[in-house]
Amino acid sequence: MRRALVIGGGPAGLMAAEALAGQGLSVRLAEARPSLARKFLMAGKSGLNLTREEPFEDFLAAYEEAAPALRPMLEAFDGRAVVAWAEALGQEMFTGSTGRVFPRVMKASPLLRAWLRRLEAGGVEARTRWRWVGEDRGFVFDTPQGRQVVQADVVVLACGGASWARLGSDGAWAGWLDVPLAPFQPANMGFVVNWSSHMRKHFGAPVKSVALRAGAQCLRGEFVVSEQGLEGGGIYAVSRRLREGHDLLVDLLPDLSEAEVRARLARPRGKASLGNHLRRVLKLDPVKQALLMEFARPLPDDLAPLLKALPIRHAGPRPMDQAISTAGGIRLGALDEGLMLRHRPGVFAAGEMLDWEAPTGGYLLTACLATGRWAGQHAARHALSARPA
């Protein structure tokens with residue numbers, strides 16, 4: 001029986017292991033942490049957004065420059081396939097108003113338990129607390145039983161990126177894997193703001209119904225004012241442009257034109273304070289008013305342009321280990337069409353190890369599952385087509 005080794009027990013690694021076992025290979029899966037899929041379980045705390053329901057070309061566009069390389073993998077395992085896969089594991093799925101797709105139970109653990117049972121029934125042998133530390137006539141692991149060296153006919157690397165190290169993705173593999181790498185960078189991360197003291201009472205407050213603009217990107221969304229700065233889906237969605245150096249502009253009143261804002265501000269104010277006037281004529285809530293005061297003082301006579309494009313000053317991204325995901329990793333040009341390392345026949349890679357990035361909203365998990373499945377399938381073909389030694 002051909003032997004396969006999968007390094008990394010996240011979604012990409014588990015999917016690769018399933019694909020390999022499905023082709024009759026003997027599969028050993030090695031995970032550095034005490035349990036499997038820790039980051040997957042963390043994602044489940046916010047509902048486990050597995051994929052997104054939207055036209056395929058729109059979905060693919062979220063991967064930007066990596067889209068051409070990822071296209072065949074995502075065509076083979078698209079959002080509908082993800083839903084069917086989860087349903088086959090006993091999970092009832094639903095689609096939210098924005099197209100995001102979740103398990104009805106809004107958590108990851110039931111799906112993961114069913115998946116691990118199926119992998120075990122398929123013969124996958126999982127080893128936890130097996131930390132890959134390099135190569136020496138095989139793949140070397142530090143384990144509770146001491147140093148172990150594993151040889152296999154094919155290997156799938158699915159070690160993750162370089163964020164949330166405590167969950168297993170520390171990027172340490174980049175220190176010894178001889179392959180062209182793009183530098184790791186944070187993705188889908190918050191940004192640091194050095195707030196003045198008057199913002200303290202707004203920490204934790206959501207900023208809803210706004211439009212965010214960074215460079216050529218403009219989108220409707222919301223974010224949260226935190227003690228450290230800015231967090232939340234709207235910020236994550238423009239985080240790549242901010243990381244690249246574009247300014248952040250926030251439209252606090254996206255449903256009104258600048259002329260309409262100006263006309264409302266011109267209504268008689270009487271003895272009302274500016275804050276009460278903004279609340280009455282524009283329905284501007286306290287946290288939006290606080291942001292206006294934080295970033296626009298001294299206020300000009302004409303507030304309309306600032307209310308429609310408030311420049312938000314920040315001090316850069318939060319540390320990479322606190323990012324939801326990372327950009328960078330193994331350059332896609334170093335892999336063939338089956339995700340095999342061009343200079344290492346029989347060694348494949350998948351998931352966040354690869355140099356691609358995408359926003360939150362189902363894109364990350366779908367691509368991890370799709371690349372893991374693709375690498376596992378092509379690794380199996382490679383092993384089964386090789387001549388016996």
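Looking only at side-chain heavy atoms (C-beta outward), Leu365 and Val82 stay at 4.5 Å or farther from each other. Considering only heavy atoms from C-beta on, Thr143 comes within 4.5 Å of Trp130 through its side chain. Between Val124 and Arg118 there is no side-chain heavy-atom pair separated by less than 4.5 Å. Two residues are said to be in side-chain contact when any heavy atoms from C-beta on lie closer than 4.5 Å; Leu282 and Leu252 fail this criterion. Here the side chains of Pro311 and Phe295 are not in contact, with every heavy-atom distance at 4.5 Å or above. Trp164 places none of its side-chain heavy atoms less than 4.5 Å from the side chain of Arg38. Using a 4.5 Å heavy-atom threshold, the side chains of Ile7 and Val156 count as separate. Looking only at side-chain heavy atoms (C-beta outward), Phe203 and Val225 come within less than 4.5 Å of each other.
In Asp336, the CG atom is crowded: over 12 heavy atoms of neighbouring residues, nucleotides or ligands sit closer than 6.0 Å. Counting non-hydrogen atoms of neighbouring residues, nucleotides and ligands closer than 6.0 angstrom, the CD atom of Glu260 exceeds 12 such neighbours. Counting heavy atoms of neighbouring residues, nucleotides and ligands inside a 6.0 Å radius, atom CZ of Arg200 does not exceed 12 of them. Sparse packing is recorded around CZ of Arg137, with 12 or fewer heavy atoms of other residues, nucleotides or ligands lying under 6.0 Å away. For CZ of Arg220, the number of neighbouring non-hydrogen atoms (other residues, nucleotides, ligands) closer than 6.0 Å is greater than 12.
Summarising the geometry of Gly160 relative to Ser169, their closest heavy-atom pair is CA-OG, 3.9 Å, with the distance given to 0.1 Å. Ser226 and Trp195 make their closest contact through O-NE1, 2.9 Å (heavy atoms, listed as atom of the first residue, atom of the second, distance). Here the closest heavy-atom approach between residue Leu274 and residue Met293 is recorded as CD2-CE, 3.8 Å. Nearest heavy atom pair, residue Leu284 against residue Gln289, reads O-NE2, 2.9 Å. Pairing each heavy atom of Ala349 with each of Ala375, the nearest pair is O-CB, 4.0 Å. Here the closest heavy-atom approach between residue Phe184 and residue Ala174 is recorded as CE1-CB, 4.1 Å.
For the atom pair Leu70 CG and Phe59 CZ, the distance stands at 10.0 Å (nearest 0.5 Å). With rounding to the nearest 0.5 Å, the separation of CD in Glu258 from CG in Asp302 is 6.5 Å. Here the CD atom belonging to Gln145 is positioned 10.0 Å from the CZ atom belonging to Arg129, to the nearest 0.5 angstrom. Taking CG of Leu364 as the start and CH2 of Trp356 as the end, the distance is 5.0 Å to the nearest 0.5 Å. Taken to the nearest 0.5 Å, the CG atom of Leu14 stands 8.5 Å off from the CZ atom of Phe40. Atoms CD1 and CG, from Ile235 and Asn188 in turn, are 12.0 Å apart once rounded to the nearest 0.5 Å.
Inspection of the Glu53 and Thr95 side chains reveals an N or O donor paired with an N or O acceptor under 3.5 Å. For the residue pair Ser163 / Thr326, no side-chain donor-acceptor distance below 3.5 Å is found, with atom types taken as modelled.
Arg213 has no carboxylate O lying under 4.0 Å from a charged side-chain N of Asp251, or vice versa, which leaves the two without a salt bridge. Taking 4.0 Å as the cut-off between side-chain N and carboxylate O, Glu64 and Arg241 count as a salt-bridged pair. Electrostatic pairing of Asp255 and Lys283 does not count as a salt bridge here, judged by no charged N lying under 4.0 Å from a carboxylate O. Salt-bridge formation is detected for the pair Glu244/Arg240: a Lys NZ or Arg NE/NH1/NH2 atom is positioned less than 4.0 Å from an Asp or Glu carboxylate oxygen. Salt bridge status for Glu54 with Arg100: absent, with no side-chain N to carboxylate O gap under 4.0 Å. Of the charged side-chain nitrogens involved, at least one lies within less than 4.0 Å of a carboxylate oxygen, so that Arg318 and Glu231 count as a salt-bridged pair.
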Chi angles and distances behind the side chain to side chain contact (heavy atoms under 4.5 Å, CB included) call for His378, Leu339: CA-CA 8 Å; His378 283 78; Leu339 296 182; over 6 Å; no

After noting the C-alpha distance and the side-chain angles of Trp85 and Leu369, does the key distance pass the side chain to side chain contact (heavy atoms under 4.5 Å, CB included) rule? CA-CA 10 Å; Trp85 166 80; Leu369 294 169; 4.1 Å; yes

Please test Lys288 against Leu278 for side chain to side chain contact (heavy atoms under 4.5 Å, CB included), starting from the C-alpha separation and ending with a verdict. CA-CA 10 Å; Lys288 289 184 178 180; Leu278 292 171; over 6 Å; no

Go through the steps for Leu177 and Met353 under the test side chain to side chain contact (heavy atoms under 4.5 Å, CB included), then give the verdict. CA-CA 11 Å; Leu177 185 62; Met353 288 187 80; 4.2 Å; yes

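The backbone N or O of Ala334 sits nowhere less than 3.5 Å from a side-chain atom of Arg331 that would complete a donor-acceptor pair. Without hydrogens or angle criteria, Thr366 side chain to Leu50 main chain gives a donor-acceptor distance under 3.5 Å. Side chain of Asn49 to main chain of Thr51: a donor-acceptor pair is present (N/O by atom type, distance under 3.5 Å, no hydrogens or angles). Side chain of Tyr363 to backbone of Arg52: no donor-acceptor contact under 3.5 angstrom is found. Side chain of Lys308 to backbone of Leu256: a donor-acceptor contact under 3.5 angstrom is found. Between the side chain of Trp132 and the backbone N or O of Gly134, at least one donor-acceptor pair lies under 3.5 Å. No donor-acceptor pair under 3.5 Å is formed between the side chain of His343 and the backbone N or O of Val179. The backbone N or O of Leu41 sits nowhere less than 3.5 Å from a side-chain atom of Lys107 that would complete a donor-acceptor pair. Remark: side-chain polar atoms of Gln217 are paired, donor with acceptor, to backbone N or O of Ala237 under 3.5 angstrom. For the pair Glu352 (side chain) and Cys368 (backbone), a donor-acceptor distance under 3.5 Å is absent.
Cluster partners of Val133 are Val140, Val149, counting Ile, Leu, Val, Met, Phe, Trp and Tyr whose side-chain heavy atoms approach within less than 4.5 Å, directly or via other members.
In this structure, Leu341 is a member of the same hydrophobic cluster as Phe139, with clusters built from ILVMFWY side-chain heavy atoms closer than 4.5 Å. Transitive grouping of hydrophobic side chains (ILVMFWY, heavy atoms separated by less than 4.5 Å) brings Leu291 and Leu242 into a common cluster. When hydrophobic clusters are built by joining Ile, Leu, Val, Met, Phe, Trp and Tyr residues whose side-chain heavy atoms come closer than 4.5 Å, directly or via intermediates, Val101 is not grouped with Ile324. Taken together through direct or relayed side-chain contacts under 4.5 Å among Ile, Leu, Val, Met, Phe, Trp and Tyr, Leu111 and Val83 form part of one hydrophobic cluster.
Every salt bridge (charged side-chain N to carboxylate O under 4.0 Å, His left out) that Glu125 has, sequence neighbours left out, goes to Arg28, Arg127. Every side chain to side chain contact (heavy atoms under 4.5 Å, CB included) that Ala172 has, sequence neighbours left out, goes to Arg131, Asp170, Trp176.
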